[in-house]
Q: 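Can you keep this structure in mind? I'll have questions shortly.
Order of the sequence lines sets the chain letters (A, B, ...), proteins ahead of strands, with each chain counted from 1.
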Protein chains: 2
Amino acid sequence: MDYVGRLTAHLPMAIRLIMVKADGSVSVHADGGAYKPLNWMTPPCTVRESVGEWRVEHGKTGDALVITIEEILADRSYELGLDPGLQKDGVEAHLQALLAERVEVLGAGWSLVRREYPTAIGPVDLLVRDDAGGSVAVEIKRRGEIDGVEQLTRYLELLNRDPRIAPVRGIFAAQQIKPQARVLAVDRGIECVRLDYDQLRGLDDPTTRLF
Amino acid sequence: MDYVGRLTAHLPMAIRLIMVKADGSVSVHADGGAYKPLNWMTPPCTVRESVGEWRVEHGKTGDALVITIEEILADRSYELGLDPGLQKDGVEAHLQALLAERVEVLGAGWSLVRREYPTAIGPVDLLVRDDAGGSVAVEIKRRGEIDGVEQLTRYLELLNRDPRIAPVRGIFAAQQIKPQARVLAVDRGIECVRLDYDQLRGLDDPTTRLF
DNA sequence: GTATTTATTTCGTGC
DNA sequence: GCACGAAGTAAATAC
């Protein structure tokens, strides 16, 4: 198999599993590497089959996957029908929505200014007002790592240039905060808050919630 | 199917493809979503099969995937044997090697000091000398994003403490540079250069190249 | 074993 | 459609 596109790749002849889905995607799997195929083509793409060769092409990008077939050991096709989607729970968007509804867990008398408060380099998760009327930017993560602290630092730098809301201090809120991230945050005067998802959900009022 | 682990997810009953590989991984596919499974478990994990139910567990993390099986439409098993690995070409290491051989694309009369120039927090992709004898640190990415600018900033901070080479300025070189990364770079006095892989390869002298 | 960086990242979401 | 941030990111590499 040969792939030419964002990179060039070659896969020697061996026994492989080729999966073709209804969405048009083609994946070539080996018996390892967990769920990831060795090579693939995402839709929209076209498959042209000739004797001993499949040519899979992505029209727009020009990516091409050429599969040379020496022998077909099995060729099966199944109708899977409609797919009721996967329901996920506990991702970051949930945390943000839950915390936005219950900003008082950050401090008594605090209120939400807005979610996704825009800055020149992207939106801050939450902008809130503390009980003394001061501005607080909140960055929410499931896993709090150094990247998140850097991100909040950049936001704070920009927000503090805006005289309408400056001074703005920061809160780094996460379900789990890595020690190094906590050290960096504290060093920069950023407060760390651990979020308890189940507790937030318990506080949540089902009649007003978004999910 | 129900997953409890880093998040909680539920997948309603429907016709699915379950793939079990020799490495022990289990993936549950729908007829869409390209190569990505709806849910999966990476090795090492154990599968316990009982009547109408598979219980897949990751011992260390406690993640668990419970698959309820109403009907088996097909159950096939194939030996794939040994897998000669995938050979890739055109990734970041290549860009670095190509640019190292043709630093003059950055400026006439420029020369390479060394690739992977070491600092206390890791190696800089390239350290070069411009036509006036000044030091320039080059960070190379396929896709230039904010992270890369932060990385180069940290390197520059350290390199500029070294009196043997200071002052050192920075160049952020990438095949594609995101607007926000460019803004941040310019704000920090870092020059941005767009790399053309095919052009670099064209300039490359095949008799001296590393690949 | 831990931390860092890449990835044909893919994927969703806001503008 | 573009750009940006999240992902059960996973996987490879350096330390």
Q: Within the structure, does a side-chain N or O atom of A/K36 lie under 4.0 Å from either OP1 or OP2 of D/dA11?
A: no
Q: Contact class for B/Y35 (heavy atom, under 4.0 Å): base, sugar-phosphate, or nothing?
A: sugar-phosphate
Q: Can a side-chain donor-acceptor contact be found between B/Q180 and B/E145 if the only test is distance below 3.5 angstrom?
A: no
Q: Going by the rule salt bridge (charged side-chain N to carboxylate O under 4.0 Å, His left out), which residues pair with A/R182 if we only count those two or more places apart in sequence or in a different chain?
A: none
Q: Of B/E139 and B/K60, whose closest DNA chain C nucleotide lies nearer the 5' terminus?
A: B/K60
Q: Tell me every residue that passes side chain to side chain contact (heavy atoms under 4.5 Å, CB included) with A/E104, counting only those two or more places apart in sequence or in another chain.
A: A/R102
Q: Assuming nearest nucleotide by heavy-atom distance, tell me which of A/P118 and B/D125 is located more 5' along DNA chain C.
A: B/D125
Q: Is there a residue in residues 5-21 of chain B whose heavy atoms reach under 4.0 Å of DNA chain D, and which residues are they?
A: B/R6, B/L7
Q: May I ask you to check whether B/K141 and B/Q175 show a side-chain donor-acceptor distance below 3.5 Å?
A: no
Q: CE of A/M41 versus C1' of C/dT10: gap in Å, rounded?
A: 16 Å
Q: For A/T153, enumerate each residue passing the side chain to side chain contact (heavy atoms under 4.5 Å, CB included) test, keeping only those at least two apart in sequence or located in another chain.
A: A/V149, A/R188, A/I190
Q: In residues 173-194 of chain B, which residues come under 4.0 Å of DNA chain D by heavy atom?
A: B/K178, B/P179, B/Q180
Q: Whether A/R201 and A/D89 form a salt bridge (side-chain N of Lys/Arg under 4.0 Å from carboxylate O of Asp/Glu) is what I want to check.
A: yes
Q: With side chains defined as the heavy atoms from C-beta onward, is the minimum distance between A/L127 and A/V136 less than 4.5 Å?
A: no
Q: Would you mind telling me which residue lines up with the more 5' stretch of DNA chain D, A/Y155 or A/A34, judged by nearest nucleotide?
A: A/Y155
Q: Measure the distance from CG on B/L86 to C1' on C/dT8 and round it to the nearest whole Å.
A: 10 Å
Q: Taking the minimum atom-to-atom distance to the side chain of A/E92, which one of C/dT5, D/dA6, D/dG8 wins?
A: D/dA6
Q: Which nucleotide in the list D/dA6, C/dT8, D/dG8 gets nearest to the side chain of B/T42?
A: D/dG8
Q: Is the side chain of B/D187 donor-acceptor paired with the backbone N or O of B/V183 at a distance under 3.5 Å, no angle test?
A: no
Q: List the residues meeting side chain to side chain contact (heavy atoms under 4.5 Å, CB included) with B/Q176, not counting sequence neighbours, and say none if there are none.
A: B/R143
Q: Give A/L38 one of three labels, base, sugar-phosphate or nothing, depending on what nucleic acid heavy atoms sit under 4.0 Å from its own.
A: base
Q: Salt bridge (charged side-chain N to carboxylate O under 4.0 Å, His left out): which pairs involve residues 158-172 of chain B, sequence neighbours left out?
A: B/D130-B/R169, B/E157-B/R161, B/D162-B/R164, B/R169-B/E191
Q: Quick check, does B/W40 stack with D/dG8? I mean ring centres under 5.5 Å and planes off by under 30°.
A: yes
Q: Name every residue in residues 143-153 of chain A that has at least one heavy atom under 4.0 Å from any atom of DNA chain D, in order of residue number, or write none if there are no such residues.
A: A/R143, A/Q151
Q: For nucleotides D/dG8 and D/dC4, find the distance between their P atoms and express it as a whole number of Å.
A: 22 Å
Q: Quick one: do B/E57 and B/R48 make a salt bridge, cutoff under 4.0 Å?
A: yes
Q: Could I get the full list of side chain to side chain contact (heavy atoms under 4.5 Å, CB included) partners for A/D2, not counting sequence neighbours?
A: A/H10
Q: Say you pick atom P in C/dT8 and the same atom in C/dT4; how far apart are they, in whole Å?
A: 22 Å
Q: Nearest-Å distance, CZ (A/R115) to P (C/dC15)?
A: 12 Å
Q: Given D/dG8, C/dT8, C/dT6, identify the nucleotide with an atom nearest to the side chain of B/K141.
A: C/dT6
Q: Rounded to the nearest angstrom, tell me the gap between atom CD1 in A/I140 and atom P in D/dA7.
A: 12 Å
Q: With Watson-Crick and G-U wobble geometry limited to distances under 3.5 Å, how should the secondary structure of DNA chain C be encoded in dot-bracket form, using | for bases paired to another strand and [ ] for crossing pairs?
A: |||||||.|||||||
Q: Among pairs that include at least one residue of residues 150-189 of chain A, which meet ring-ring contact (aromatic ring centres under 6.0 Å, His included), considering only residues two or more places apart or in two chains?
A: none
Q: Mind listing the side-chain donor-acceptor pairs of residues 28-47 of chain B below 3.5 Å, one per line with the distance, residues two or more places apart or on another chain?
A:
from, atom 1, to, atom 2, distance (Å)
B/H29, ND1, A/K21, NZ, 3.0
B/D31, OD1, A/A22, N, 2.7

Q: Rounded to the Å, how far apart are B/Q87 CD and D/dA12 C1'?
A: 17 Å
Q: What's the closest nucleotide to the A/V91 side chain, out of C/dT8, D/dA10, D/dA7?
A: D/dA7
Q: Is the CG atom of A/L82 crowded by more than 12 outside heavy atoms at less than 6.0 Å?
A: no
Q: If you look at every strand shown and take non-hydrogen atoms under 4.0 Å, does A/G33 touch a base, only sugar-phosphate, or nothing?
A: sugar-phosphate
